[in-house]
2 protein chains.
Amino acid sequence: MTPIRDMLSETGITEQQWRVLRVLSEFGLLDASTLANRASLLFPSLTRIATTMRKKGLITQTRDVADRRRQFIAITEAGQKLIDDYTDQSALIVAEFKRTMGEDDYETLLDLLARLDPMVRD
Amino acid sequence: MTPIRDMLSETGITEQQWRVLRVLSEFGLLDASTLANRASLLFPSLTRIATTMRKKGLITQTRDVADRRRQFIAITEAGQKLIDDYTDQSALIVAEFKRTMGEDDYETLLDLLARLDPMVRD
DNA sequence: TAACAACAATTAACATGTTAAGGAATATCA
DNA sequence: TGATATTCCTTAACATGTTAATTGTTGTTA
């Protein structure tokens with residue numbers, strides 16, 4: 001993740017915050033639980049990350065009026081701009097990564113890691 | 001790492017502390033820099049980890065009399081006992097892991113990850 | 001030898017992972 | 001309906017990763 005982290009250090013956000021932005025950018029408005037799952041974050045982490053991201057103006061948080069335990073989170077224009085500005089760069093990094101590793105080995109690695117994932121969870 | 005973490009939670013030490021103990025058990029007395037490298041820890045992390053491990057009586061820290069900037073770290077009897085008590089169990093976990101994944105895929109994964117490691121570092 | 005560079009380690013500040021405990025809102029059921 | 005359980009989220013406490021600044025020590029060199 002180092003090349004990605006290097007890119008992100010220019011932006012002042014972290015890997016996890018980047019992931020949150022990407023998920024929000026892709027899926028739009030999400031409730032906190034869904035967001036946490038899709039961004040692979042535990043709830044306590046999301047609570048903190050959301051707070052700092054709101055202060056930075058990257059996301060908005062709104063209560064669900066129907067169920068006031070729930071919370072909705074959405075990306076702001078500033079957040080979307082950040083995604084837009086760095087998506088190309090991020091794609092280049094991944095491409096370079098695949099090129100260096102070799103396309104086949106890259107796929108193999110993803111497969112093996114995917115197999116690992118469910119194994120580790122039970 | 002979840003099965004390993006589960007095992008370690010019984011012992012009250014963390015993954016990183018376990019790694020420090022294993023390295024010390026294998027190599028004996030080490031200076032802090034070498035230990036940090038072999039245990040894949042950054043120095044600030046090692047500083048903190050060593051402090052807590054010393055308080056727990058798992059390691060000892062001694063200054064190098066020739067160069068008082070340097071520090072030597074060694075495992076204590078208590079630390080070695082912890083290693084001895086859980087080495088078997090840890091080996092079983094790795095064996096089960098290989099069995100589930102398949103020996104060949106396990107080797108493939110290790111190879112791919114090893115290739116990843118240097119790539120990510122530059 | 002006195003100034004300065006280089007080195008080893010620590011400390012500080014911030015962000016996250018992780019487990020447990022707590023708080024507020026809603027659901028359930030006798 | 002009122003007590004209880006459940007759900008969603010937050011807080012707290014601790015451990016680590018990471019970068020930068022700092023403290024001692026040792027090396028170098030003019």
Hydrophobic cluster (4.5 angstrom, side-chain heavy atoms) - remaining members for B/Leu29:
B/Phe72
Position toward the 5' end of DNA chain D (nearest nucleotide), A/Arg48 or A/Phe72
A/Phe72
What nucleic acid atoms does A/Ser9 come within less than 4.0 Å of, heavy atoms only: base, sugar-phosphate, or nothing?
nothing
DNA chain C: first to last nucleotide in contact with chain A (atom under 4.0 angstrom from a heavy atom), 5' to 3', is C/dA15 to C/dT26
Can you measure A/Arg69 atom CZ to D/dA5 atom P for me and round it to whole angstrom units?
16 Å
Which value, rounded to the nearest 0.5 Å, describes the distance between A/Gln89 atom CD and A/Asp6 atom CG?
10.0 Å
At under 4.0 Å between heavy atoms, what does B/Leu46 touch on the DNA or RNA strands: base, sugar-phosphate, or nothing?
nothing
Rounded to the nearest 0.5 angstrom, the CD-CD distance for B/Glu77 and B/Gln80 is 9.5 Å
A/Pro44 vs B/Pro44, nearer the 5' end of DNA chain C by closest nucleotide
B/Pro44
Rounded to whole Å, please give me the gap between CZ in B/Phe43 and P in D/dT23.
18 Å
Within the structure shown, what part of the strands sits under 4.0 Å from A/Ala66 by heavy-atom distance: base, sugar-phosphate, or nothing?
sugar-phosphate
Has A/Lys56 got a side-chain atom pairing as donor or acceptor with A/Ile13's backbone, closer than 3.5 angstrom?
no
Can you tell me how far CD1 of A/Ile93 sits from CZ of A/Arg5, rounded to the nearest 0.5 angstrom?
11.5 Å
Please classify the nucleic acid contact of A/Ser45 as base, sugar-phosphate, or nothing, using heavy-atom distances under 4.0 Å.
base
What is the distance, to the nearest angstrom, from the CD atom on B/Gln71 to the C1' atom on D/dG24?
13 Å
Quick one: does any side-chain atom of B/Arg63 pair with a main-chain N or O of B/Arg69 as donor and acceptor, under 3.5 Å?
yes
Would you indicate whether A/Glu10, at its atom CD, is surrounded by more than 12 heavy atoms from other residues, nucleotides or ligands within a distance under 6.0 Å?
yes
Kindly say whether, by distance alone, the side chain of B/Arg68 makes a donor-acceptor pair under 3.5 Å with the base of D/dT25?
no
Identify whether any heavy atom of B/Ser33 sits under 4.0 Å from a base atom; if not, whether one sits that close to sugar-phosphate; answer base, sugar-phosphate or nothing.
sugar-phosphate
